[in-house]
Every structure is written in structure tokens, then in C-alpha cells.
Amino acid sequence: MRYFIITYGCQMNKSDSERLSSFLKDNGLSVASSIKEADLILVNICSVRQKAVDRAEAKIKEIKKLKKTICLTGCLLDKDRKRFEKIVDFIFKIKDVSDLHKVIKKKKKIIPDYFKIKPDQSNFIPIMTGCNNFCTYCVVPYTRGREISRKPEEIIKEAEYLIKKGAKIIWLLGQNVNSYEHNFPELLKKVYQLPGKFWLQFISSHPKDFSEELIKAMKRCRINYLNLPVQSGDDEILKKMNRPYNIKSYKEKIKKIKKEIPGIALSTDIIVGFPGEKRKHFENTKKLFKEIGYDMAYINKYSPREGTEANLLKDTVSPKEKKKRERELTAILAETALKNNKKYLGKTIEVLVIEKNIAVTKSNKKIKINPSEIGHFKKIKVTKACSWGLSSL
Ligand code: SAH
Ligand code: SF4
Ligand code: F3S
């Protein structure tokens with residue numbers, strides 16, 4: 001039996017798909033190179049925006065015509081369940097992956113070693129799942145439930161195994177890694193101290209929990225990339241979003257991190273067009289973008305989600321205006337990212353080859369390279385810089 005996994009959403013879902021794939025291989029299935037060649041299709045869905053749900057639904061309907069067995073997992077809202085039940089063969093929770101034995105026709109229910117994954121050059125290790133923050137726009141606390149942290153010993157053992165097997169980048173993952181209940185800065189340091197050559201990264205962190213201790217740990221662990229989602233550059237909107245920090249404190253944290261780790265690449269997540277976001281609020285987000293000078297930003301147009309608090313507010317910003325605000329921010333980002341990338345020009349830096357012609361820097365930037373062996377570190381000279389990447393050709 002051959003399977004094919006289609007993944008929507010964030011790194012958490014990508015990580016779950018990697019683990020699902022390992023589970024299926026351990027049960028004697030093999031991965032198909034395309035949907036057409038697969039007997040079993042697994043769709044790992046994201047519900048964060050309506051568009052993501054609609055895309056998954058359209059894809060499933062298209063696959064259905066091929067008469068394949070389709071299983072659905074991931075972040076699914078109760079309100080969508082009935083709709084999906086009609087078009088897929090089986091819905092399962094990722095933590096109950098062993099229920100799949102019904103579909104893969106194993107007589108015995110195989111208990112998965114859920115946290116076992118196949119080593120790759122870049123590996124995700126979930127350290128916690130779920131979220132307790134209830135930002136007013138967000139479904140994640142409903143789809144993933146409350147925060148559950150894994151034990152440090154388990155995470156360290158897994159990292160050790162992956163590094164031994166050749167992992168070159170270890171990504172510690174969580175909806176909010178710094179609310180990790182067993183001391184995140186300590187965990188970072190412990191993983192960093194493991195023997196072997198590898199880079200350490202983490203994603204994502206919440207500004208409210210971003211501590212000085214963590215900045216120190218990042219410096220010690222030679223971390224050179226940080227995603228610190230701000231969501232809006234306006235205090236009034238942040239309050240309505242239930243994001244418990246203000247722009248002044250956010251900027252202070254960024255200032256400290258830039259001082260401790262000069263040249264650190266910064267990224268953020270933004271929502272444009274939150275209910276009640278007027279021009280004057282949005283102008284504050286633009287101002288923040290210019291001041292911080294991000295390397296990367298995930299700019300999302302607000303999408304009302306049933307069951308969330310913000311859904312009770314009127315979606316006041318038109319789709320056209322949301323698009324316009326997205327474009328305006330992207331234009332600022334293109335300038336700041338280019339300015340940051342130009343600093344690499346003429347420098348010889350260490351990169352990790354992730355595809356034959358593409359490598360990644362420690363600051364998480366893509367760089368074009370001459371054909372090289374995948375999974376190797378290499379020193380190269382940067383010859384070109386643009387907004388969305390570098391080149392050594
Ligand atoms: N835990 C992370 C983000 C996880 S969700 C954090 O707090 O930063 C990933 C991103 O999706 C969020 O950062 C947000 O920008 C976006 N998002 C979440 N709900 C959304 C909604 N209803 N409409 C548009 N974007 C949304
Ligand atoms: Fe969603 Fe907020 Fe939790 Fe992030 S912190 S997952 S945006 S509720
Ligand atoms: Fe991620 Fe989407 Fe779930 S953003 S946590 S896959 S709802």
C-alpha cells in the first residue's frame with residue numbers, strides 16, 4: 001500500500017506530517033511519488049483562515065474523483081467536521097494515529113512511537129503543543145487544545161538521536177515555545193551542548209514571555225534568527241486582539257536582542273484588517289515595520305473564524321482594503337529585507353546545502369549556490385543580495 005500526505009498550515013502540521021510518515025513506513029507502507037500513484041491519501045488540514053479550509057476541501061473533492069481512500073487529520077473545527085465527514089473516508093486525530101489501522105488493514109492495532117521521526121538535514125522537534133492564550137482572532141486553542149509540554153529528557157534524547165543520524169538543523173517547535181513549562185532557556189542550552197555539528201533554531205515565541213534570560217540563552221546557543229510575532233503595530237488593536245503587551249515593550253525587547261546579537265535576522269507575523277483597524281492604526285504598523293526593519297514577515301489578511309471572540313465584532317475592513325494594506329507592508333518589507341541582505345555582500349559565510357543549488361544561512365535566508373552535496377556545511381562568498389534571498393553565483 002502506498003500513501004501520499006498533503007499538508008496545509010504551519011510548521012506544527014509539517015512536523016506532524018513527518019511523524020505520520022514515519023508511522024506509516026513502520027507499518028509497512030511506502031510513500032508514493034504523486035497523488036495518482038497512491039492508494040491512500042492523507043490530508044493534514046489547517047483552519048487558521050477560511051481560505052486554508054476551502055483550499056483543502058476543493059483539493060479533497062478533486063482527489064475524490066480518482067476514487068482513492070482519503071483520510072483527514074490536523075486542525076479541524078467542529079463546525080467543519082460534518083462537511084468533511086461527507087467527503088472523506090476517515091477522520092482521525094494525529095495523537096490517535098493508531099486508529100489508522102482500520103484503514104491500512106492491519107489486524108493488530110499498532111501503537112505508534114509518535115515522537116519517532118526519520119532523520120533529515122533539518123528536523124522539527126515539537127516541545128509543546130496547544131495554546132492557552134486565546135488571542136481573540138485565533139482558532140488554535142480550539143483545534144489544538146491547551147498547552148502540553150513534553151519532558152526535557154525526552155526532547156534531548158530525540159535531539160541527540162537526530163544529530164547522531166545526521167540532522168544539521170534542529171528546530172524546537174511550539175505554538176509558543178517560551179511558555180514551555182520546564183524552562184525553555186535551559187532546554188535550549190541543553191540541546192545546544194549536545195555533541196556534533198548542528199544549528200539550533202526555534203519557532204514561535206510570544207512577546208509577552210520573551211525574557212532577558214532567553215536572550216542570553218540565544219546568544220550562548222549562537223542563534224541568529226528570531227520570529228517574534230507582533231500581529232499589529234497599534235496598542236489599541238493589540239488590546240482588542242488580547243495580545244498582552246504594548247508596542248513600547250515590544251520595541252524594547254527587539255532593541256535588547258539586537259544589542260546582544262548584532263545582525264540577528266528578525267521575522268514577524270501580522271494581521272491586517274482586524275475588526276476596527278482604521279488607517280491611523282494601520283499607519284502605526286507601517287511605522288513599526290520601518291523602525292524594526294524586519295528580514296521576513298508573514299502578513300495575513302484577517303479572516304473571521306466562527307467560535308472566536310473577534311467573530312462577534314464586525315469585519316469592518318473590506319477585502320480590497322485588506323489587500324492594499326498587505327501590499328503596503330510587503331513593499332516596506334522588501335526594502336528593509338534588501339537593506340539587511342546587502343550587509344552580506346562580499347562576506348564569506350557558512351551555509352548548509354538543502355537542495356542541489358540552494359543553501360540556507362544560519363539567519364534562515366536562502367542562498368543560490370553552485371551544485372553541491374546536500375546536507376553539508378560549506379563556506380561561500382555572497383555576491384548578490386535581493387529582498388527575498390542571497391546568491392553566491
Ligand atoms: N502562536 C503564534 C501563531 C500561530 S497562528 C503566535 O502567537 O504568534 C499563525 C499566524 O496565523 C498568526 O501569527 C496570525 O498572524 C495568523 N492568524 C491567526 N488567526 C488568524 C485569522 N483569524 N485571520 C488571519 N490571520 C490569522
Ligand atoms: Fe493563536 Fe494567539 Fe495562541 Fe498564537 S498565541 S496560537 S495567535 S491564540
Ligand atoms: Fe498551524 Fe493552522 Fe493548526 S496554523 S496550529 S496548522 S490551525
Side-chain angles (χ1 to χ4, degrees), residues 5-18 20 43-56 72-80 93-95 124 126-148 172-180 202-210 226-233 237-245 250 266-275 277 285 294 296-313 315 317 319 322-323 325-326 329:
I5 307 177
I6 303 168
T7 310
Y8 296 94
C10 66
Q11 283 90 344
M12 294 301 289
N13 266 20
K14 287 187 189 126
S15 165
D16 285 340
S17 286
E18 279 180 11
L20 178 59
V43 180
N44 192 358
I45 199 174
C46 167
S47 299
V48 84
R49 269 162 272 126
Q50 190 55 42
K51 218 171 164 185
V53 182
D54 295 344
R55 259 175 51 213
L72 183 70
T73 189
C75 295
L76 181 66
L77 288 170
D78 284 343
K79 73 158 177 100
D80 293 327
K93 285 200 174 125
I94 200 82
K95 68 173 174 45
F124 295 123
I127 63 163
M128 51 94 66
T129 58
C131 183
N132 296 349
N133 290 320
F134 290 92
C135 302
T136 55
Y137 50 80
C138 185
V139 295
V140 173
Y142 307 100
T143 61
R144 291 221 169 228
R146 297 303 91 77
E147 289 170 6
I148 300 173
L172 302 182
L173 267 193
Q175 283 309 334
N176 184 8
V177 285
N178 42 13
S179 7
Y180 178 66
F202 64 85
I203 197 162
S204 176
S205 30
H206 195 299
K208 80 170 163 62
D209 301 322
F210 197 76
L226 172 68
N227 172 259
L228 198 60
V230 69
Q231 309 297 0
S232 164
I237 299 294
L238 284 177
K239 212 168 195 173
K240 281 191 173 178
M241 288 177 159
N242 191 28
R243 301 283 293 184
Y245 52 87
Y250 181 87
L266 295 169
S267 75
T268 198
D269 292 16
I270 283 283
I271 295 177
V272 291
F274 185 80
E277 187 189 70
T285 302
Y294 288 110
M296 189 56 207
Y298 303 93
I299 305 165
N300 304 293
K301 295 189 285 283
Y302 172 71
S303 164
R305 310 304 292 126
E306 212 176 289
T308 62
E309 235 181 273
N311 197 40
L312 303 172
L313 304 170
D315 187 10
V317 185
K322 282 179 189 162
K323 182 94 207 135
R325 291 182 191 180
E326 181 193 27
L329 283 185

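Scope of the values below: all heavy atoms of this structure, side chains included, with no hydrogens, waters or symmetry mates. First listed ligand is number 1; within each ligand, the first listed atom is number 1.
Annotation for ligand 3: atoms under 4.0 Å from non-hydrogen atoms of Cys75 are 3 (Fe), 5 (S), 6 (S), 7 (S). For ligand 1, the atoms closer than 4.0 angstrom to any heavy atom of Gln175 are 1 (N), 2 (C), 4 (C). Close approach of ligand 1 to Asp269 (heavy-atom distance below 4.0 Å) involves ligand atoms 9 (C), 10 (C), 12 (C), 13 (O), 15 (O).
Using a 4.0 Å cut-off between charged side-chain N and carboxylate O, Lys322 and Asp315 make a salt bridge. With respect to the salt-bridge test (charged N to carboxylate O, under 4.0 angstrom), the residues Glu277 and Lys240 do not qualify.
At least one heavy atom of Arg243 sits closer than 4.0 Å to an atom of ligand 2. Heavy atoms of Gln11 come nearer than 4.0 angstrom to ligand 3 in no pair at all.
Residue Lys322 does not touch ligand 1, judged by heavy-atom distances below 4.0 Å. Heavy atoms of Pro141 found under 4.0 angstrom from ligand 2 belong exclusively to the side chain. Contacts between Val48 and ligand 1 below 4.0 angstrom, taking non-hydrogen atoms only, involve backbone and side chain alike. The part of Gln231 lying near ligand 1 is the side chain, judged by heavy-atom distances below 4.0 Å.
Closest heavy-atom approach to atom 5 (S) of ligand 2 within the set Asn133, Val48, Thr136, Asn132: this belongs to Asn133. Between atom 19 (N) of ligand 1 and the options Tyr302, Phe274, Tyr137, Tyr298, the minimum heavy-atom separation is to Tyr137. For atom 24 (C) of ligand 1, the candidate residues are Lys301, Gln11, Lys51; the nearest heavy-atom contact is made by Lys301.
Ring geometry, Tyr302 versus Phe274: the interplanar angle exceeds 60°, so the pair is classed perpendicular (tilted spans 30 to 60°).
Taking 2.8 Å as the threshold, His206 does not count as a candidate ligand of atom 3 (Fe) of ligand 2, since none of its N, O or S atoms lies below it. Residue contacts to atom 1 (Fe) of ligand 3: Cys10 brings an N, O or S atom closer than 2.8 Å.
Taking only nitrogen or oxygen atoms, main chain and side chain alike, Ser303 reaches within less than 3.5 Å of ligand 1. By the 3.5 Å distance cut-off applied to N or O atoms, Asn300 is counted among the residues near ligand 1.
What sits closest to atom 2 (Fe) of ligand 3 on the protein, heavy atoms only, is Cys46 SG, 2.3 Å.
Atoms CZ and NE2, on Arg243 and His206 in that order, are 3.5 Å from each other to the nearest 0.5 Å.
More than 12 heavy atoms of other residues, nucleotides or ligands shown are found within 6.0 angstrom of NZ on Lys79.
With 3.5 Å as the limit, one finds a donor-acceptor pair spanning the side chains of Ser204 and Asn227. Side-chain N/O atoms of Gln50 and Arg305 include a donor and acceptor closer than 3.5 Å. Side chains of Thr308 and Asn311: no donor on one and acceptor on the other come within 3.5 Å.
With hydrogens and angles disregarded, no donor-acceptor distance shorter than 3.5 Å links the side chain of Ser267 to the backbone of Ala297.
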